[in-house]
Structure formats: structure tokens, C-alpha cells
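Working notes, beginning with the structure itself.
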Amino acid sequence: MRQMWINGKTMVFMLLLFSLVGCGGAKVQVTGKVKRVMGNQMPSPDVLNEEPAGFSTTVYFFAPTLMNMGMPTAEQGVFLMTDKKLVARSLAEKDGSFKLKLKPGKYSVLLGKDGQFYSNISNLDGLINPVEINKSNKKPIVLMADWGAIY
């Protein structure tokens, strides 16, 4: 009887431990699209801007990265590298679509550009293209490969 009680307590402890560890490791399906924006994007009453086409490139998810943590190049929004840990990457298809699984959390998302990293977006805290991934948000991420575009 005592042996069964100890085994029962051990089993409860193990189930509790697995459920706690398992919850922290659950990943969320992330989807998105990369769009290539080029040329003059200035609004004009007689010219409609076309919907940007999909663009194939690598999408990089880093731990949250401040603008001063990347090594900027002469081209605005392009970084040689970042001091932060690369968490995941995904190759966008020809139509620009990508998907991967990530743990819920905050990330800086950059695009691959000629062996470097690109994003011209930052928030008021200075984080490069911050994105929060959570279980309740199923909205696709839209990323603009807009180097060379004129706004």
C-alpha cells in the first residue's frame, strides 16, 4: 500500500513537471508575406500605386534588438550583423509567403538583403521592427522589402 502511495505521488509530481515544462515550450504557427516595393511611391491623384508583388528572401527573427546594437551600413536600414541572438529564419516563397513555428514572445524581424539584414522600421523604444508573437494573434505578418523606394 505504501509503495503504491509513493508511486502515485511520484506520478503526480512527474505529470505536474511535464505540464509546466511543456507549456513553456509550446510553439505558435507564424505566417506572413514579404512584399517588394520599388520606385516612386508618392501619392498622386491621377496615378494609382500597384499592389506590391511577393518577394522571395530570408526572413530573420532575432531576440529584440535596439537600433544601436546592429552595425549600420552606408545604406539606410541595412545592417551587417546584429549583436542579438538569431532565434529562427524562414525562406519566403516566390509569392512572398512564409511560415514557421516560434515560441510566444517578442522579436525583431529583419529581411535578408545581399548577405546583410534589412529593416527601416523601429518603435519609440528604438527596437528594430518589433513583432510580438502570441497564441491569440493569428494575423499574418506583412514585411516590406522597400529598399530603393521613394516615399
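Side-chain N or O atoms of T58 include none that pairs as donor or acceptor with a backbone N or O of G112 at under 3.5 Å. When atom types are taken as modelled, the side chain of S108 and the backbone of T65 share a donor-acceptor pair closer than 3.5 angstrom. Judged by distance alone, with hydrogens and angles left aside, the side-chain atoms of S90 form no donor-acceptor pair with the main-chain N or O of L100 at under 3.5 Å. Under a 3.5 Å cut-off, the side chain of S119 and the backbone N or O of L110 do not form any donor-acceptor pair.
Taking every heavy atom of both residues into account, A145 and R36 meet most closely at O-NH1, 2.6 Å. Residue N129 comes nearest to V109 through the heavy atom pair ND2-O, 2.9 Å, listed as atom of the first residue, atom of the second, then distance. Taking all atoms of both residues into account, the shortest heavy-atom contact from I128 to L66 is CD1-O, 3.9 Å. Residue V87 comes nearest to A63 through the heavy atom pair CG2-N, 3.7 Å, listed as atom of the first residue, atom of the second, then distance. For the residue pair G32 and P140, the shortest heavy atom distance occurs at CA-CB, 4.2 Å. In terms of heavy-atom proximity, V78 sits nearest to Q116 at CG1-OE1, 2.7 Å.
Distance check: I133 CD1 to K106 NZ gives 12.0 Å after rounding to the nearest 0.5 Å. Atom CG of residue D125 and atom CE of residue M67 lie 13.0 Å apart, to the nearest 0.5 angstrom. Annotation: the span from M38 atom CE to E50 atom CD amounts to 9.5 Å, rounded to 0.5 Å. The distance from the CZ atom of F55 to the CE atom of M144 is 13.0 Å, given to the nearest 0.5 Å. Annotation: the span from L102 atom CG to Q29 atom CD amounts to 9.5 Å, rounded to 0.5 Å. Rounding to the nearest 0.5 Å places CG of N120 at 10.0 Å from CH2 of W147.
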Practice item. Decide side chain to side chain contact (heavy atoms under 4.5 Å, CB included) for L91 and E93; before the verdict, give the C-alpha distance in whole Å, the side-chain angles of both, and the deciding distance to 0.1 Å. Key: CA-CA 6 Å; L91 182 62; E93 302 293 331; 5.9 Å; no

Practice item. Apply the test side chain to side chain contact (heavy atoms under 4.5 Å, CB included) to residues E51 and K35: give CA-CA distance (whole Å), side-chain angles for both, the deciding distance (0.1 Å), then the verdict. Key: CA-CA 9 Å; E51 177 67 23; K35 295 182 177 186; 2.6 Å; yes

Practice item. Applying side chain to side chain contact (heavy atoms under 4.5 Å, CB included), run through T31 and I141 and close with a yes or a no. Key: CA-CA 6 Å; T31 61; I141 298 170; over 6 Å; no

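Residue pairs meeting the ring pair (Phe, Tyr, Trp, His ring centres under 6.0 Å) criterion with at least one partner in residues 87-116, sequence neighbours excluded, are absent. Each salt bridge (charged side-chain N to carboxylate O under 4.0 Å, His left out) pair with one or both residues in residues 108-118, not counting sequence neighbours, appears once here: E75-K113.
Taking the side chain to side chain contact (heavy atoms under 4.5 Å, CB included) definition, one finds that N40 meets it with M42, sequence neighbours left out. The side chain to side chain contact (heavy atoms under 4.5 Å, CB included) test applied to Q41 returns V37, N49, A149, Y151, not counting sequence neighbours. For the salt bridge (Lys or Arg N to Asp or Glu O under 4.0 Å) test, no residue two or more places apart in sequence or in another chain qualifies with E132. Scored by the salt bridge (Lys or Arg N to Asp or Glu O under 4.0 Å) test, K33 finds no partners at all (sequence neighbours excluded).
Other residues, nucleotides and ligands contribute more than 12 heavy atoms inside 6.0 Å of the NZ atom of K138.
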